[in-house]
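Reviewing the structure listed below.
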Amino acid sequence: MSLLVDVTHRHGEFTLGAAFSAADGLTALSGPSGSGKTTLINLIAGLIPLQKGRILFDDRVWNDTDAGIFVPPHRRRIGYVFQEARLFPHVSVRANLAYGMGNVAKAERPARMARVADLLRIAPLLDRRPSGLSGGEKQRVALGRALLSAPELLLMDEPLSALDAGLKADILPDIERIRDAEGIPILYISHSIEEVARLATHVVALEAGRIVATGGPEAAFASGVSGQRSGSFLTAVVAEIFEGEGLMLAHAPGGKLYLRAAPVAIGQSVRVFVPAADVVLARGLPEAISTLNRLSGIVVNLREDKNSILVELDCGGDRLCAEVTRRSSERLGIAPGERLNALFKAVRTEPENLYRQKI
Ligand SMILES: Nc1ncnc2c1ncn2[C@@H]1O[C@H](COP(=O)(O)OP(=O)(O)OP(=O)(O)O)[C@@H](O)[C@H]1O
């Protein structure tokens with residue numbers, strides 16, 4: 001299934017002009033506050049009428065201003081999850097979930113309810129009222145309600161931003177399961193590079209109403225989503241898990257990676273986020289050093305970033321970014337074309353930011 005968007009829309013001084021497509025998987029919409037992310041998904045949902053352009057889903061036209069076509073929101077088969085769960089407080093979780101199933105044939109409802117309750121671990125909550133649930137439980141119910149409508153497209157507007165770190169970590173695997181099990185496109189607004197790192201199959205980066213980059217998760221750095229935290233993504237295949245040590249070994253194109261162990265299988269492909277400030281650059285390799293990860297790479301780019309230099313290395317095809325002071329860069333005489341070693345500690349790799357591809 002795929003979504004095709006080509007829209008122009010003005011709110012007073014602000015103009016959104018965006019063209020992109022999104023297929024199955026999770027497309028993160030990143031960008032600074034006010035860049036137009038919510039406007040974009042509200043247009044896709046049909047919640048605000050489009051001023052100019054087209055929105056197509058597969059071969060169906062949801063909106064085409066030239067042809068005068070506008071399909072109303074309830075006929076678009078979209079699930080929408082907001083920052084706040086927005087549940088009905090006075091009825092049970094079961095009734096909240098059932099509310100979403102208007103589109104589903106009656107005979108299929110019990111099985112669908114059971115499947116989604118299982119997928120999101122909410123079966124034990126069905127007879128409770130939302131007021132007694134934790135923020136994370138409420139958000140899982142909101143996700144469940146969106147899924148029960150049998151959506152063809154899921155829109156999520158910062159669904160985790162109201163949750164504390166512990167609850168976020170608890171719900172991330174649920175979103176991952178939805179991404180991998182439902183086979184529908186998901187558009188996911190997030191300000192967090194960690195969420196993008198963990199969940200995104202694609203990124204569309206917006207700035208001041210325009211798309212500034214699309215592609216893999218690195219695209220998020222083109223906009224303000226990452227704030228101060230520059231970094232890069234390495235892909236690798238898990239080769240060995242050292243159970244007792246909480247450590248695993250994965251093979252990346254540029255060499256071996258030792259990572260904090262995560263619930264993955266041998267042979268599984270993972271993508272790890274390495275913050276640029278965690279990478280140490282060295283000429284030669286010190287013998288006695290605790291750092292487990294040592295990749296060799298060619299300097300392809302040097303970029304000034306405030307009081308730092310961001311040094312980009314090509315490590316066997318993967319890009320690895322290191323942040324060093326200008327003083328270090330000058331002392332080492334770092335220049336494009338040079339081969340350097342990049343070191344980073346296994347203990348700094350964060351399993352909760354690890355993207356895992358299904359096997
Ligand atoms: N109904 C409206 N009327 C006038 N201006 C609006 C309206 N809705 C949004 N805007 C403006 O459009 C711009 C984009 O807003 P939008 O909410 O889409 O951004 P966003 O990227 O989702 O921001 P945030 O990350 O803060 O939620 C902002 O400048 C906002 O003030």
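First listed ligand is number 1; within each ligand, the first listed atom is number 1.
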For R60, is there an ion pair with E152 - N to carboxylate O distance below 4.0 angstrom?
yes
Can [X] and [Y] be counted as having a side-chain donor-acceptor contact under 3.5 angstrom?
X	Y	answer
E195	Y188	yes
S92	R129	no
E207	S35	no
T38	D157	yes

Which residues pass the ring-ring contact (aromatic ring centres under 6.0 Å, His included) test with F57, sequence neighbours left out?
W62
What short N/O contacts, under 3.5 Å, does ligand 1 make with the protein, listed by atom pair and distance?
{"residue": "ligand 1", "atom": "8 (N)", "partner": "H11", "partner atom": "NE2", "Å": "3.3"}
{"residue": "ligand 1", "atom": "18 (O)", "partner": "T39", "partner atom": "N", "Å": "2.9"}
{"residue": "ligand 1", "atom": "18 (O)", "partner": "T39", "partner atom": "OG1", "Å": "2.5"}
{"residue": "ligand 1", "atom": "19 (O)", "partner": "G36", "partner atom": "N", "Å": "3.3"}
{"residue": "ligand 1", "atom": "21 (O)", "partner": "S35", "partner atom": "N", "Å": "3.1"}
{"residue": "ligand 1", "atom": "21 (O)", "partner": "S35", "partner atom": "OG", "Å": "3.4"}
{"residue": "ligand 1", "atom": "21 (O)", "partner": "G36", "partner atom": "N", "Å": "3.0"}
{"residue": "ligand 1", "atom": "21 (O)", "partner": "K37", "partner atom": "N", "Å": "3.0"}
{"residue": "ligand 1", "atom": "21 (O)", "partner": "K37", "partner atom": "NZ", "Å": "2.8"}
{"residue": "ligand 1", "atom": "22 (O)", "partner": "T38", "partner atom": "N", "Å": "2.8"}
{"residue": "ligand 1", "atom": "22 (O)", "partner": "T38", "partner atom": "OG1", "Å": "2.8"}
{"residue": "ligand 1", "atom": "23 (O)", "partner": "G34", "partner atom": "N", "Å": "2.8"}
{"residue": "ligand 1", "atom": "25 (O)", "partner": "K37", "partner atom": "NZ", "Å": "2.8"}
{"residue": "ligand 1", "atom": "25 (O)", "partner": "H191", "partner atom": "NE2", "Å": "3.1"}
{"residue": "ligand 1", "atom": "26 (O)", "partner": "S33", "partner atom": "OG", "Å": "2.5"}

